[in-house]
Amino acid sequence: MTTEQPRANNEKHYPHTEVEAKWQKTWREKKTSATPVDPGADKYYVLEMFPYPSGRLHMGHCRVYSIGDAIARFLRMRGKKVLHPMGFDAFGLPAENAAIKHQVHPGDWTEKCISDMKDQFERMGFSLDWEREAVTCRADYYKWNQWFFIKMLERGLAYKKAAAINWCDTCQTVLANEQVEQGNCWRCGNAVTIRNLEQWFFKITDYADQLLNDLDKLSDWPESVKIMQRNWIGRSEGARVKFRLLPTGFQQGEAVPAAGATDETIEIFTTRPDTLFGVTFMSLAPEHPLVDSLVTGSDKEAGAKEFVAMVAQEDRFLRTAEGKEKEGFFTGRYAVNPVNGEAVPIYLANFVLMEYGTGAVMAVPAHDQRDFEFARKYSIPVKVVISPIPGSAGGPPASSVDEVLDSATMTAAYVDPGIMQSSAHFDGLPSEDAKPAIVSWLAERGLGEKTIQYKLRDWLVSRQRFWGTPIPIIYCDDCGAVPVPADQLPVTLPRDVQFTGSGNPLSGSSEFINVPCPKCGKQGRRETDTMDTFVDSSWYFLRYVDPLNSDEPFSKNAADAWMPVDQYIGGIEHAILHLLYSRFFTKVLRDLGLVNVDEPFQRLLAQGMVTNTYIDKNTGQLAVDENGRPKLAKMSKSLGNGVDPLEIIDQYGADTARLFILFAAPAEKELEWTDEGVNGCSKFLNRVWRLVHGTLDACEFAPEEAAALEPGNANDRELQFQVNRAIQRVGTEMGDRHHFNTSIAAIMELTNAIQTYLSSSHEFERMTLGFSVRALLLLLYPFAPHITSELWEKAGFDGAIEEQSFPAYDPKALEKDEVELALQVNGKNRSKVVVPSKASKEDIEAAALADERVQQFLEGRQPKKVIVVPGKLVNVVG
RNA sequence: GCCGAAGUGGCGGAACGGCAGACGCAGAGGACUCAAAAUCCUCCGUGGGCAACCACGUGUGGGUUCGAAUCCCACCUUCGGCACCA
């Protein structure tokens, strides 16, 4: 049974099901969301992060697309030429898992999901240009991934190397560093292990400085996202310093051989060259390539090998966790400190990472907490070379746990800047000044150099999975790794593949693997790794500008016309991964001459999660905190607290869902789902429905310009004021600040004002009333397009509502004849006074001082000062 | 530990140095109804008072200012990110 309302009731109750279906059909047929050609200077590119086609739209999707659609519809009314496209991030593991489970081809499964989701998109009423749809799993899209890969290979930006990489056993594939969270896989949450494999990388580190510096250009990005990216890139300024190795057999305390050390050096990276004179040992990563030659043949060989094996066995995340016991092993060898010629013992240490810096560290226990703990554990000397600045020297004294820095008694490292000591001719210098001085001293002697180090690592793009873009490489015994020639692209995924759940299905497809070498024609072997799906999403915004191009990924003209994306919207969870990769791709494409922009996304809105209460699995009750309040968590399958958008659409309609989503919280904050809140929005739309039905007579007299209204009586003028103020507020809240909740509040206030006007017992001024209703519909349209389209038509206004301009307000109507000012005495509210709005400061002051209550609170004192804030208040200080 | 964001009624939130609590939800009372739902009207920060009104009030403590939720300093709490990065 449907709950269709009888016709007679339609004026009282908004029949959302039939109205929404009607307008969705109209929009589809009229192609009202089509992208304008030749956008020119008015172009505006609104983009929301495209979804993975799971087959089901969830509330998070509804939120991000409701935000984007409100912006798109609003800006079209503002005269912008809007590009608002959509597509699907369609490669990835769920399709492959479905293939294993149901023995369907991932492509068939994915296309079915896409088709289902498009229906759901339409039911939400999003104004998307589906003719520009980009689907990453289709060969006409991923062909260009392969083309970019080859371009990157030509530029030395794609390369293959053996490396210790993150392996997820559940997903049966490797992961990029960015995809490891707290030692676990970003998608399945299982522990990541380390494997040594030959893998393809993109050299994102070549762009580290640009990715860092250009963050400063992104003035319309949230500061928090920029900071997260800065931290991820992790720039450190420091120095590389060479320590020469002493020959085998050198004993501690023995004089360093006059002829110096061997020719072999160990290079370290440090951010604290000012502490070089305090070096008392050195530590190497167990994986350091020199380890073997240091110990082979010595009595330390067996022990060292055992230590290396032990560390290698350890879980990498645990090994590098703070608080982890520092483990070391003395190699029996020494190196020479280049600044003072002292011999320092060389240790292996579990906390030194081969991937960062040079894999070797100079250790200064007096001024580095980690080195300090290590030194105390292994009874290595501590040498103080920096003393705290005395408090009197201007500026605060540096902090120190220990009152006196004595190597024997100190309990913690002193890590702050200070004054150099025990550092030869650098003594007495502030340590910050000594940094460059020591580096220059080293550089002059060829012992070291200034350098910049990043935490950012190259992007590992190989995946041992079927459902991704095949890496376009053919291995040949004679020619090595040969790229597939551009005219032979795309390398398409084979259809006849077995999905067994173990290993990469591509390795079992002889048709796919066995191909001739493009260079010499001999039998070759095709690469079976596919690309990380983040490659797909790193440039999809560029495909939308020219989606049907079969000769190029996109034409430069189209990119120049539309790029950058003016407003990008998506979840904060992509603050590092996707946004960093997209920025990298854009810069590479710029260097390839394909685009003119440095940055892809002008303005970024990171929307918050959608949360709900949930049932605690242990108690079977609503989960509550210690105060008995219901706990909130992100809507998820595992907690079972998701709300199905389709059910909400069925019950309340898409407009209600959209309105609630935008009204209940600011876009960047968490959105707490409440049925009561949804109901409130539904009530509001019904109120608008009835209100407009009750004023249809007046609508035919509605002027298009606010300035055309007659002044009328006080009631009329008040409504004119309210409607003009609402237009002004929604204009700035939407246009400048993207505050959807306060925009909707302003529209509700206008609705209340019209209702108040109607319930006042006087004759209605039909132009004023009609104009107010007309404006109400226009203001509400970007948030609730279906109901406003229907009411616009019912009211008999000209044209379709989506073709209308956003209304202009009349500044004159915002000026009132009289204003009420708050009267304060010494900053406390004491009274009110009504004055003509054009009253002079002197008149206002006089009115304030004449006020009885002001006099009373002055208690006979003479006012010392009177502050007049026009239109707001008067503060009498006395 | 470091970096960042945020702390405002019973709840979501508003207020870009100028009347704190807009708008909405929940709640209370009333109207309509046989009744319920829906709808409409009124009230709704705390304490005192019959009332007009008074005092207090934006995490805590200071400061700047005629005036601070808003700016500055210190601290507390919550959330998010990073975390032995040399």
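Remember, predicted model here, so these are calculated numbers, not experimental data. Here is the naming used below: chain letters follow the sequence lines, and residue numbers restart at 1 for every chain.
- Between A/Arg729 and B/A15 there is no side-chain polar atom (N or O) within less than 4.0 angstrom of OP1 or OP2.
- Against RNA chain B, the stretch residues 268-280 of chain A makes heavy-atom approaches under 4.0 Å through A/Phe269, A/Thr270, A/Thr271.
- A/Lys683 comes within 4.0 angstrom of sugar-phosphate atoms only, judged by non-hydrogen atoms across all strands, and of no base.
- Applying the ring-ring contact (aromatic ring centres under 6.0 Å, His included) test to residues at least two apart or on different chains, the pairs with a partner in residues 358-377 of chain A are A/Phe281-A/Phe374, A/Tyr347-A/Phe374, A/Phe351-A/Phe374, A/Phe374-A/Tyr378.
- At a threshold of 4.0 angstrom between heavy atoms, the contacts of A/Asn752 are confined to the sugar-phosphate backbone, with no base atom among them.
- A/Gln453 comes within 4.0 angstrom of nothing in the nucleic acid, heavy atoms only.
- Residue contacts for A/Arg230: at a heavy-atom cut-off of 4.0 Å it reaches no nucleic acid atom on any strand shown.
- Nucleic acid contact for A/Ile227: sugar-phosphate only, since backbone atoms but no base atoms lie under 4.0 Å from a heavy atom of the residue.
- Rounded to whole Å, the P atom of B/C19 lies 15 Å from the corresponding atom of B/G67.
- B/A5 and B/U70 have their P atoms separated by 16 Å, with the value rounded to a whole Å.
- The side chain of A/Val869 lies closest to B/G18, out of B/U39, B/G18, B/A26.
- Nucleic acid contact for A/Pro666: sugar-phosphate only, since backbone atoms but no base atoms lie under 4.0 Å from a heavy atom of the residue.
- Along RNA chain B, the nucleotide nearest to A/Ile867 and the one nearest to A/Thr674 differ in position, and the one closer to the 5' end is contacted by A/Thr674.
- Position along RNA chain B of the nearest nucleotide to A/Ser224 versus A/Glu676 favours A/Ser224 as the more 5'-ward residue.
- Exactly one residue among A/Asn641, A/Asn612, A/Thr611 makes a side chain to side chain contact (heavy atoms under 4.5 Å, CB included) with A/Ser636. That residue is A/Asn641.
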Per-nucleotide protein contact string for nucleotides 42-52 of chain B (B base, S sugar-phosphate only, - none; heavy atom under 4.0 Å) = -----------
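- When the C1' atom is used for both B/U8 and B/A69, the distance is 7 Å, rounded to whole Å.
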Could you go through residues 669-685 of chain A and list every donor-acceptor pair under 3.5 Å that involves a side-chain atom there, pairing it with any protein atom two or more places apart or in another chain?
residue  : atom : partner  : partner atom : Å
A/Trp673 : NE1  : A/Asp675 : OD1          : 3.4
A/Thr674 : OG1  : A/Gly677 : N            : 3.0

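- Between the CD1 atom of A/Ile572 and the P atom of B/A6 there is a distance of 13 Å, rounded to whole Å.
- Consecutive pairing runs in RNA chain B reach the stem threshold at B:1-7 with B:76-82, B:10-12 with B:23-25, B:27-31 with B:39-43, B:45-48 with B:53-56, B:59-63 with B:71-75, where a stem means at least three Watson-Crick or G-U wobble pairs with distances under 3.5 Å.
- Qualifying side-chain hydrogen bond (donor to acceptor under 3.5 Å, both in side chains) partners for A/Arg583, counting only residues two or more places apart in sequence or in other chains: A/Gln229, A/Glu599.
- Put simply, CG on A/Leu823 is 13 Å from P on B/C19, counting in whole angstrom units.
- The list of salt bridge (Lys or Arg N to Asp or Glu O under 4.0 Å) pairs with a residue in residues 818-829 of chain A, not counting sequence neighbours, is empty.
- For B/A86, the OP1/OP2 oxygens have no side-chain nitrogen or oxygen of A/Arg240 closer than 4.0 Å.
- The distance between atom CD1 of A/Ile576 and atom C1' of B/A83, rounded to the nearest whole Å, is 12 Å.
- Taking A/Tyr581 as the reference, A/Trp459, A/Phe534 meet the ring pair (Phe, Tyr, Trp, His ring centres under 6.0 Å) condition, with sequence neighbours excluded.
- Residues meeting the ring pair (Phe, Tyr, Trp, His ring centres under 6.0 Å) test with A/Tyr614, sequence neighbours left out: none.
- Side-chain atoms of A/Arg63 come within 3.5 Å of backbone atoms of A/Met609 as a donor-acceptor pair (strictly under, hydrogens ignored).
- In textbook terms, a nucleotide whose glycosidic angle is within 90° of 0 is syn, while B/G48, being further out, is anti.
- With hydrogens and angles left out, the side-chain atoms of A/Gln369 and A/Glu373 include a donor and acceptor closer than 3.5 Å.
- Note on A/Val361: a base of the nucleic acid sits closer than 4.0 angstrom, heavy atoms only.
- Base contact: A/Phe663 has a heavy atom under 4.0 Å from a base atom.
- Atom CD1 in A/Ile233 sits about 14 Å away from atom C1' in B/C82, given to the nearest Å.
- Because its NZ or CZ atom is not both nearer than 6.0 Å to the ring centre of A/Phe277 and within 45° of the ring axis, A/Lys383 does not count as a cation-pi partner of that residue.
- At a threshold of 4.0 angstrom between heavy atoms, the contacts of A/Asn741 are confined to the sugar-phosphate backbone, with no base atom among them.
- Look at A/Lys828 and you'll find a side-chain N or O under 4.0 angstrom from OP1 or OP2 of B/C56.
- Taking the side chain of A/Arg687 as heavy atoms from C-beta on, and the options B/C54, B/C25, B/C40, the nearest nucleotide is B/C40.
- Between the NZ atom of A/Lys631 and the P atom of B/U78 there is a distance of 14 Å, given to the nearest Å.
- Partners of A/Gln755 according to the side-chain hydrogen bond (donor to acceptor under 3.5 Å, both in side chains) rule, which considers only residues two or more places apart in sequence or in another chain, are A/Arg687.
- For A/Gln755 and B/C40, the CD to C1' distance is 9 Å, given to the nearest whole Å.
- Counting non-hydrogen atoms under 4.0 angstrom, A/Gly234 reaches nothing in the nucleic acid.
- For the OP1/OP2 pair of B/C19 and a distance below 4.0 Å, the side-chain nitrogens and oxygens of A/Lys872 include no atom meeting the criterion.
- A/Lys326 contributes a side-chain N or O that forms a donor-acceptor pair with the base of B/C84 under 3.5 Å.
- Note on A/Asn829: every side-chain N or O is 4.0 Å or more away from OP1 and OP2 of B/G67.
- Closest to the side chain of A/Arg830, out of B/C40, B/C54, B/A22, is B/C54.
- Taking atom CD of A/Glu573 as the reference point, atom C1' of B/G81 lies 13 Å away to the nearest angstrom.
- Side chain of A/Leu353, nearest nucleotide from B/C85, B/C54, B/A15: B/C85.
- Atom P of nucleotide B/G81 and atom CD of A/Gln229 are separated by 15 Å, given to the nearest angstrom.
- Applying the side-chain hydrogen bond (donor to acceptor under 3.5 Å, both in side chains) criterion to A/Gln862, with sequence neighbours excluded, gives no partner residue.
- With sequence neighbours excluded, the residues that form a side-chain hydrogen bond (donor to acceptor under 3.5 Å, both in side chains) with A/Gln824 are A/Asn829.
- The phosphate of B/A83 (OP1 or OP2) has no side-chain N or O of A/Lys455 nearer than 4.0 angstrom.
- Listed here is the closest heavy atom pair of A/Val723 and A/Ala775: CG2-CB, 3.6 Å.
- If you check the side chains of A/Glu267 and A/Thr358, you find no donor sitting under 3.5 Å from an acceptor.
- Residue contacts shown for A/Thr358 are absent, as no nucleic acid heavy atom lies under 4.0 Å away.
- Here A/Phe374 lies out of heavy-atom contact (under 4.0 Å) with every strand.
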